[in-house]
Amino acid sequence: MHLYMSDHTAAALAHPNIAFIKYWGNRDHQLRLPSNGSISMNLAGLETRTTVTFRPSLSADRLVVNGKEQTGRALERVASFLGLVRGLSDVKDHAEVVSENNFPTGAGIASSASAFAALAVAAAKAAQLPIDAEHVTSQLSRLARRGSGSACRSVPGGFVEWKMGSEDKESYAVSIAAADYWDLVDCIAIVSTAHKAIGSTEGHYSAASSPLNWARIADSPGRLDRCRAAILSRYFEPLAEVVEQDSNLMHAVMMTSSPPLFYWSSGTLEIMQAVREWRLGGLAAAYTVDAGPNVHVITPSESASEVERRLRALPSVTDVLVAKAGGPARLVETHAGVKGKAGPG
Ligand code: DP6
């Protein structure tokens with residue numbers, strides 16, 4: 001084998017995910033061991049495709065996202081992840097990473113989950129990491145976690161639980177139900193915002209400064225149980241209650257951290273209140289908000305067009321993306337272009 005003489009390349013696709021029970025704060029920041037377990041749904045139709053090529057001729061790692069050469073923190077974060085992969089592999093060359101998102105970058109949908117899930121799957125293949133066939137998903141999920149915590153949940157398909165684990169080897173995500181188990185849809189209400197929010201990575205460090213943090217963590221096993229049970233029984237009302245409470249708890253911690261983090265805009269609150277009223281009026285819908293102002297409105301597919309129509313009628317909503325539950329991260333042909341738009345496919 002001439003490992004150092006030739007290029008090693010592979011490409012992978014991954015979907016972002018929306019957390020029903022959120023990851024906020026780490027017990028170990030370096031290893032990204034979270035303070036609590038989390039549950040999410042992959043988002044079909046939204047995808048990142050990434051090609052990784054380890055080349056003997058490169059003198060440094062390169063990162064190109066949506067046709068644009070990246071420098072600074074984005075490149076450093078990917079280079080540090082590739083360093084981890086090289087440490088586990090016989091391939092020691094630098095790599096070129098070419099990545100495309102088919103969802104609008106300015107839409108405020110976190111791309112780090114799909115980005116690091118696709119990167120982990122492609123890099124592991126390209127670097128020929130020794131992964132035992134029986135545990136491919138858990139090992140790739142563990143690897144993706146080191147790049148971005150939520151990325152570990154984009155590796156398995158459908159409805160996914162990240163078991164926090166007590167050490168590196170135990171902290172990875174598993175599928176609790178396939179994508180077609182329950183016809184849920186995420187209607188993502190895009191809210192315009194003037195200022196840029198603080199990123200999640202910084203936020204995970206500040207969680208512990210909130211006096212509410214311990215209570216959020218202590219109560220998390222019960223919320224995980226309620227959320228998992230609601231998914232497995234496809235019972236929307238208890239899912240809605242626990243998803244909204246969990247989002248509110250995370251934002252309560254964010255707002256009471258030092259410095260305080262306010263991700264909501266006035267439009268965010270307007271949408272959250274509207275969704276609760278709609279539910280009281282009989283429309284099955286629940287909100288959840290990540291580290292930004294956009295509101296993810298979870299609804300059974302039969303109510304999705306009504307939810308989308310009502311969201312579009314709110315003055316603070318500039319656009320709505322619609323995604324049903326998506327499949328796992330997977331290898332794809334190299335040189336495949338990104339086609340299609342975000343949609344319910
Ligand atoms: C609010 O996974 O983006 O979306 O590990 O630093 O990349 P890093 O953080 P990240 O945090 C996600 C935070 C969240 C909640 C969630 O998706 O669980």
Side-chain angles (χ1 to χ4, degrees), residues 14-43 46 48 73-74 76-78 80-81 84 101 103 107-120 141-156 159-165 168 171-173 186 188 196-208 210 213 216-217 220 223-224 227 242-255 257 261-264 268 287-296 298 323 326 329:
H15 303 291
N17 65 72
I18 179 63
F20 292 170
I21 302 297
K22 311 286 189 191
Y23 151 52
W24 196 249
N26 288 310
R27 281 177 304 131
D28 183 324
H29 290 290
Q30 231 236 303
L31 290 174
R32 285 189 159 85
L33 295 176
S35 304
N36 61 277
S38 52
I39 291 180
S40 59
M41 178 178 100
N42 284 353
L43 300 177
L46 310 178
T48 300
R73 278 182 75 175
E76 280 165 30
R77 194 167 169 182
V78 165
S80 125
F81 183 80
L84 185 72
N101 296 320
F103 46 95
I109 298 171
S111 58
S112 72
S114 52
F116 280 97
L119 179 61
S141 173
R142 236 180 93 198
L143 180 64
R145 189 197 83 228
R146 301 289 300 275
S148 171
S150 56
C152 80
R153 298 189 313 240
S154 282
V155 174
F159 299 87
V160 170
E161 179 165 0
W162 174 9
K163 309 270 185 192
M164 60 187 281
D168 173 42
S171 190
Y172 54 84
D186 181 7
I188 309 164
K196 207 172 148 43
I198 304 232
S200 308
T201 304
E202 267 177 80
H204 291 300
Y205 281 90
S206 72
S210 164
N213 192 46
R216 179 187 169 274
I217 294 169
S220 61
R223 294 195 307 281
L224 287 163
C227 183
V242 74
V243 164
E244 291 188 352
Q245 188 193 37
D246 187 84
S247 174
N248 295 346
L249 277 166
M250 179 180 74
H251 286 273
V253 167
M254 289 164 160
M255 290 175 195
S257 294
L261 300 175
F262 293 94
Y263 287 106
W264 298 350
T268 310
Y287 66 75
T288 183
V289 182
D290 279 344
N294 298 331
V295 182
H296 294 252
I298 311 301

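All ligand and atom numbering here is 1-based and tracks the order in the structure. Along the sequence shown, residues are numbered consecutively beginning with 1. Just the heavy atoms: all of them, side chains too, but no hydrogens, waters or symmetry mates, feed the values below.
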Under 4.0 angstrom from ligand 1, any heavy atom of Arg77? yes

N or O contact, Ser150 vs ligand 1, cut-off under 3.5 Å: yes

Below the 3.5 angstrom mark, is there an N/O of Tyr23, backbone or side chain, next to an N/O of ligand 1? yes

Check whether any side-chain heavy atom of Val155 sits under 4.5 Å from a side-chain heavy atom of Trp162, and report yes or no. no

Mind checking whether Asp246 and Ile39 have side chains closer than 4.5 Å, heavy atoms only? no

Once you restrict to heavy atoms under 4.0 Å, what part of Ser112 touches ligand 1? Side chain, backbone, both or neither. side chain

Heavy-atom contacts with [X] under 4.0 Å: which atoms of ligand 1 show up? List them by number with element.
X: Asp290; result: 1 (C), 4 (O), 15 (C)
X: Ser148; result: 2 (O), 3 (O), 5 (O), 7 (O), 8 (P), 10 (P)
X: Ser200; result: 3 (O), 9 (O), 10 (P), 11 (O), 13 (C)
X: Ala19; result: 16 (C), 17 (O), 18 (O)
X: Arg32; result: 5 (O), 6 (O), 7 (O), 8 (P)
X: Ala291; result: 1 (C)

Who gets closest to atom 17 (O) of ligand 1 by heavy atom: Met250, Arg153, Lys22, His204? Arg153

May I ask you to decide if the ring planes of His29 and Tyr205 are parallel, tilted or perpendicular, using 30° and 60° as cut-offs? parallel

Just say parallel, tilted or perpendicular for the rings of Phe81 and Phe116, cut-offs at 30° and 60°. perpendicular

Which heavy atom in Arg216 sits nearest to a heavy atom in Val253, and how many Å separate them? CD-CG2, 3.7 Å

Of all protein heavy atoms, the one nearest atom 6 (O) of ligand 1 is Thr201 OG1, 2.6 Å

Please determine whether the number of non-hydrogen atoms from other residues, nucleotides or ligands lying under 6.0 Å from atom OH of Tyr23 exceeds 12. yes

Might you work through the side-chain hydrogen bond (donor to acceptor under 3.5 Å, both in side chains) test for His204 and Asn26, ending with a clear yes or no? CA-CA 6 Å; His204 291 300; Asn26 288 310; 4.7 Å; no

Between Trp24 and Ser35, is the side-chain hydrogen bond (donor to acceptor under 3.5 Å, both in side chains) condition met? List the steps. CA-CA 7 Å; Trp24 196 249; Ser35 304; over 6 Å; no

